[in-house]
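Have a look at the structure below before the remarks.
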Amino acid sequence: MTVHVIADNPSKASALSAIVEQRHVVTSEMLAGASIKRSGIEAAVVAVDVADVDNISALKAVSGKLARIPKRIFLIDGKGRLAIVQAYALGATDVMTSPVDPAQLLAKLAPVEAPLIAPDQIPPGSLEAASAGAASIASMFAAVMNGTAVDVADVRNAGSRIADSVAENGLSDWLTTVRRHHEGTYQHCLLVTGVAVDFGISLGFGRVDLERLYSAAMFHDIGKARIPLAVLDKPGKLDDAERALIQMHPVVGFDVLQGNAAISPEILDAVRHHHEYLDGSGYPDALCAESIADIVRVLTISDIFAALIEHRTYKPTMPREKAYEILQGMHGKLEMPLVEAFRDVALNR
Ligand SMILES: [Fe+2]
Ligand SMILES: [Fe+2]
């Protein structure tokens, strides 16, 4: 395929072109004066400092043309979450940090994992809905980190686009798109939202209930914004202290959203209780069955399933069948008739 490299200095451009041309046809240009004239470009690699005001206006000037390229990988310096937010706001579909690992960049451009459907069959709508969703989750996390108010309407709006995409293109398409283009916590939240929406649709939820469900799914892990990325994205086993830190996220999320008038009590409840189990073995409040609301039960099943089928660079992706078997084995913890109702969503949709 043809990959277009855009950089803010010639040495970045040549280093990246050297990597990409191992597998693809490469064109490149400097951001200052970029025009993206060529047609037929399938992916762009944008390596610019997104905190620089001149770069921001130069990117905005070509944003229309950039948006026509289906895959837009931004390389940013360091692990700063604000730079990630900025990259998504400027049109990224994927964000990677510099210095980039050549193998990872090539894998990102053309995943080796056998696609469930061919890339040219992915409707552009799902790609755009996934990018909008990631941008919204990124801004929500940035607001929590900065101590500013979360824009609830924006999150709901992104959730609604995800719901439209899942309703129109199906869950499998959503899972493929998100796993191919997004990583870590953003990937997880996007997967949970898509799975929950499809589960809600299959259960015959009306518009109001569905809206409540996808909003709860978008917000459910908001407390993770306060947990260091080193712990959150740690490959492999967590130690006790790290696990205890992660297990604080439902309460942190609840505290962050509690004062926000636009958040309903049902959503607040779902954020706090999505890790509770019917037998009282969950956290943070060790609730028992009768205290766990229906929407929370739906969200918990969607959350566990989505976490199991997540795509991570360091391990193979678990097949949906295996993930569903694990849910079926969670007797006492999950509502089994609901797990049974989830079968079609998990395996076929
Ligand atoms: Fe969670
Ligand atoms: Fe989660």
Side-chain angles (χ1 to χ4, degrees), residues 81 130 133-134 136-138 140-141 144-145 150 155 158-159 162 166 171 174-175 178-179 182-200 212-229 231-235 238 242-258 263 266-278 280-287 292-293 295-312 315 317-318 320 323-324 326-327 330 333-334 338-339 342 345-346:
R81 279 166 154 165
S136 176
I137 294 163
M140 158 169 85
F141 273 50
V144 173
M145 284 183 291
V150 172
V155 176
I162 294 172
V166 171
L171 181 63
W174 179 251
L175 299 180
V178 171
R179 288 187 292 192
H182 298 280
E183 282 171 11
T185 308
Y186 301 154
Q187 180 193 148
H188 171 69
C189 294
L190 293 172
L191 291 177
V192 174
T193 305
V195 170
V197 159
D198 201 48
F199 195 8
R212 192 176 291 140
L213 180 61
Y214 64 63
S215 301
M218 287 289 282
F219 283 119
H220 84 286
D221 274 341
I222 187 172
K224 287 185 177 171
R226 291 260 169 86
I227 295 170
L229 284 177
V231 177
L232 214 50
D233 293 341
K234 182 180 172 183
L238 299 170
E242 290 165 340
R243 192 169 307 107
L245 195 61
I246 287 203
Q247 291 193 349
M248 288 169 67
H249 77 272
V251 173
V252 173
F254 177 86
D255 290 344
V256 162
L257 293 176
Q258 200 176 18
I263 295 281
E266 291 88 352
I267 291 176
L268 217 46
D269 179 51
V271 169
R272 186 174 178 108
H273 293 130
H274 68 276
H275 287 284
E276 302 285 0
Y277 289 135
L278 303 184
S281 64
Y283 63 92
D285 297 320
L287 292 187
I292 304 176
I295 180 182
V296 180
R297 299 176 188 210
V298 168
L299 181 61
T300 300
I301 290 173
S302 308
D303 184 33
I304 299 170
F305 183 75
L308 290 169
I309 60 161
E310 223 164 276
H311 176 73
R312 315 229 183 153
K315 63 169 195 180
T317 305
M318 183 184 288
R320 290 165 68 171
Y324 185 63
I326 292 176
L327 290 180
M330 294 179 73
K333 297 185 183 300
L334 303 176
L338 206 52
V339 171
F342 186 64
V345 175

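One-based numbering, in listed order, for ligands and for the atoms of each. One is the number of the first residue; the rest follow in order along the sequence.
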Once rounded to 10°, what is the value of the angle centred on the Fe ion (ligand 2) between D221 OD2 and D303 OD1? 170°
Checking E310 side chain against Q187 main chain: does a donor-acceptor pair fall under 3.5 Å? no
Applying the side-chain hydrogen bond (donor to acceptor under 3.5 Å, both in side chains) criterion to H274, which one of D221, D269, T300 satisfies it? D221
Test item: R179 side-chain N/O and I309 main-chain N/O as donor-acceptor pair under 3.5 Å: yes
Output yes if C189 passes the N/O/S-under-2.8 Å test against the Fe ion (ligand 2); output no otherwise. no
For the metal site, I want the angle between atom NE2 of H274 and atom NE2 of H275 with the Fe ion (ligand 1) at the apex, to 10°. 90°
So with a 6.0 Å cut-off around CE of M248, is the heavy-atom count from everything else above 12? no
